[in-house]
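Remember, it's a predicted structure, so these values are computed and weren't measured experimentally. Along the sequence shown, residues are numbered consecutively beginning with 1.
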Amino acid sequence: MYLVFDVGATTIKCALMNAEGEIQERKKVPTPVAKDDTIESFVEALGLVYDLYKKDATIEGIAIGLPGQVDVKKGIVYNGGGIRYLRVANLRDLIEARCNNIPVSVENDGKCAALAEVWKGNAKDVKDACVFVFGTGIGGALIKNKKVIHGKHLLAGEVSVLFDGMTRQDLKNVPEDKDGIIEDMSVMDSVDNYPYLWTNHAATLNVCHWVAKKRGLEDSEVTGEKLYQWAAEGDQEIIDTLEDWYFCIAKQCLNVYVTFNPEIILIGGGISAEPQFVNGIIRYVERLKRISRIYKDVKVDCCKFYNDSNLLGALYNFKQQHNLLK
């Protein structure tokens, strides 16, 4: 049996899984994110879950998916999203030391979602794929020969920070004396002040933010479900917003196609459970393909897995890292 963790900014999903990725038991625990929490708090939170499950199961390994840039070979996590203490943390070694030295693997959560598709999802029959996951930000992964491409600085597939729509005038507003002006992509100040990054007008959270701001609503009052409800009621402004969203994503699908040339591009995230979302993107992809014959073989589809994708992909990453694949 394997103990698998999907770490979020507020909650850690935990699952006891067999070698085929079937969940036997599951639970959730809070992510330690209080002001006085540290990496030690995080390691202990996972360690306590291990203590609970090891009483009744033989745990052969621990697989972890979490935000941030992750060096899967060294087990080091850099810039762990909103979890401030995950900065150059050798998480693999710390967890192994806490949990009786059983093998541990770590990988970025967006990359895990892509690996779930590679293992058992809509990319299982191809070698090369690209996956976009829309939510608080935009997760991304480039898959070559069924393995994640990480790049020299672990940034391959970090599509949230693609430039999209920036003008020379926008560049004048960027301070010359500060490196890394945006510390947290989910902070609305960054969305309002630096809208030219792809995540700031294509991530689900941020599309909802722009609608809320335009209508004088609180961000909490606008969700993906609400957008589709308003569209179904004939709200033309929302219909146009959704169409612009699809078009924006379709353009990037074609950009990645000629940059990486994957066999398939998959669209995931909670919003992709709404059929109109992926169908809208595909509709614009098909129209844009008319521009050049070079695009004729572009294939876009939805991800197969949703809520459990990060768990499944984290386990597949463990099997890859420890040479357990048949």
Side-chain angles (χ1 to χ4, degrees), residues 1-68 70 77 80-86 89 91-92 94-96 98-100 102 104-117 119-121 133-137 139 184 186 204-205 220 223-225 268-273 303-318:
M1 301 297 288
Y2 298 89
L3 182 56
V4 186
F5 295 98
D6 173 15
V7 179
T10 59
T11 302
I12 302 172
K13 296 180 182 178
C14 321
L16 194 63
M17 304 173 73
N18 66 19
E20 294 305 311
E22 297 166 334
I23 296 176
Q24 309 300 303
E25 295 184 45
R26 67 168 79 222
K27 69 187 285 56
K28 293 181 180 180
V29 298
T31 306
V33 289
K35 187 176 181 180
D36 57 348
D37 280 324
T38 62
I39 184 63
E40 288 77 17
S41 309
F42 182 82
V43 170
E44 186 60 18
L46 272 59
L48 290 173
V49 177
Y50 167 77
D51 292 343
L52 175 67
Y53 283 123
K54 74 175 183 178
K55 296 176 183 177
D56 301 312
T58 300
I59 297 177
E60 301 174 63
I62 295 175
I64 304 170
L66 72 171
V70 180
V77 179
I83 308 174
R84 53 181 170 68
Y85 48 76
L86 289 181
L91 191 59
R92 183 188 63 196
L94 291 170
I95 297 295
E96 285 182 352
R98 169 62 178 79
C99 301
N100 299 330
I102 66 171
V104 172
S105 69
V106 291
E107 177 58 289
N108 169 270
D109 48 7
K111 308 295 191 284
C112 286
L115 287 172
E117 296 300 317
W119 188 15
K120 294 178 178 288
V133 181
F134 294 87
T136 303
D184 185 347
S186 66
T204 306
L205 178 72
S220 59
T223 63
E225 292 84 355
I271 194 69
S272 66
C303 289
K304 179 178 180 179
F305 298 106
Y306 300 106
N307 292 335
D308 292 332
S309 62
N310 292 357
L311 293 169
L312 189 62
L315 178 56
Y316 187 67
N317 174 63
F318 181 95

Indicate the atoms forming the closest heavy-atom contact of Ser41 with Pro32, along with that distance. O-CG, 3.9 Å
Could you walk me through whether Leu312 and Met17 satisfy the side chain to side chain contact (heavy atoms under 4.5 Å, CB included) test, starting with their C-alpha distance in whole Å, then the side-chain angles of each, then the deciding distance to 0.1 Å, before giving a yes or no? CA-CA 9 Å; Leu312 189 62; Met17 304 173 73; 4.3 Å; yes
Could you go through Ile39 and Leu91, starting from their C-alpha distance and side-chain angles, then the distance that decides it, and tell me whether this counts as side chain to side chain contact (heavy atoms under 4.5 Å, CB included)? CA-CA 9 Å; Ile39 184 63; Leu91 191 59; 4.0 Å; yes
Please answer whether the main-chain N or O of Gly68 pairs with a side-chain N or O of Asn108 as donor and acceptor at a distance below 3.5 Å. yes
Just verifying a value: how many Å separate Thr31 OG1 and Lys13 NZ, rounded to the nearest 0.5 Å? 11.5 Å
What's the shortest heavy-atom distance between Ala15 and Leu311, and which atoms? CB-CD1, 4.0 Å
Are Met1 and Asn18 close enough that some pair of their side-chain heavy atoms sits under 4.5 Å apart? yes
Polar side-chain atom of Gln24 near backbone of Glu22 as donor-acceptor pair, under 3.5 Å: yes
Output the distance between atom CZ (Arg92) and atom CD1 (Ile62), rounded to the nearest 0.5 Å. 13.0 Å
Quick one: list whatever passes salt bridge (charged side-chain N to carboxylate O under 4.0 Å, His left out) with Arg26, sequence neighbours left out. Asp308
CD1 of Ile64 to CG of Leu3, rounded to nearest 0.5 Å, is 8.5 Å
State whether the side chain of Asp37 and the backbone N or O of Val33 hold a donor-acceptor pair below 3.5 Å, judged by distance alone. yes
Return the CG to CD1 distance between Leu46 and Ile95, rounded to the nearest 0.5 Å. 4.5 Å
Roughly how far, to the nearest 0.5 Å, is CD of Glu107 from CZ of Phe318? 14.0 Å
Using only atom types and a distance under 3.5 Å, with no angle test, would you say the side chain of Glu25 pairs donor to acceptor with the backbone of Leu16? no
Minimum heavy-atom distance between Tyr85 and Ala89, given as atom pair plus value: O-CB, 4.4 Å
Correct closest heavy-atom pair for Glu117 and Cys303 would be OE2-CB, 3.4 Å
Can you list the steps and then say if Lys120 with Phe305 is a side chain to side chain contact (heavy atoms under 4.5 Å, CB included)? CA-CA 9 Å; Lys120 294 178 178 288; Phe305 298 106; 3.8 Å; yes
Contact summary for Val29 and Cys14, nearest pair of heavy atoms: CG2-SG, 4.1 Å
All heavy atoms of Ser105 vs all of Ala314, minimum pair found to be OG-O, 4.1 Å
Side chains of residues 48-55: which donor-acceptor partners sit under 3.5 Å, not counting sequence neighbours?
from, atom 1, to, atom 2, distance (Å)
Tyr50, OH, Asn100, ND2, 2.8
Asp51, OD1, Arg98, NH1, 3.3
Asp51, OD2, Arg98, NH2, 2.7

Atom pair CG (Asn310) and NZ (Lys111), whose distance is rounded to the nearest 0.5 Å: 11.5 Å
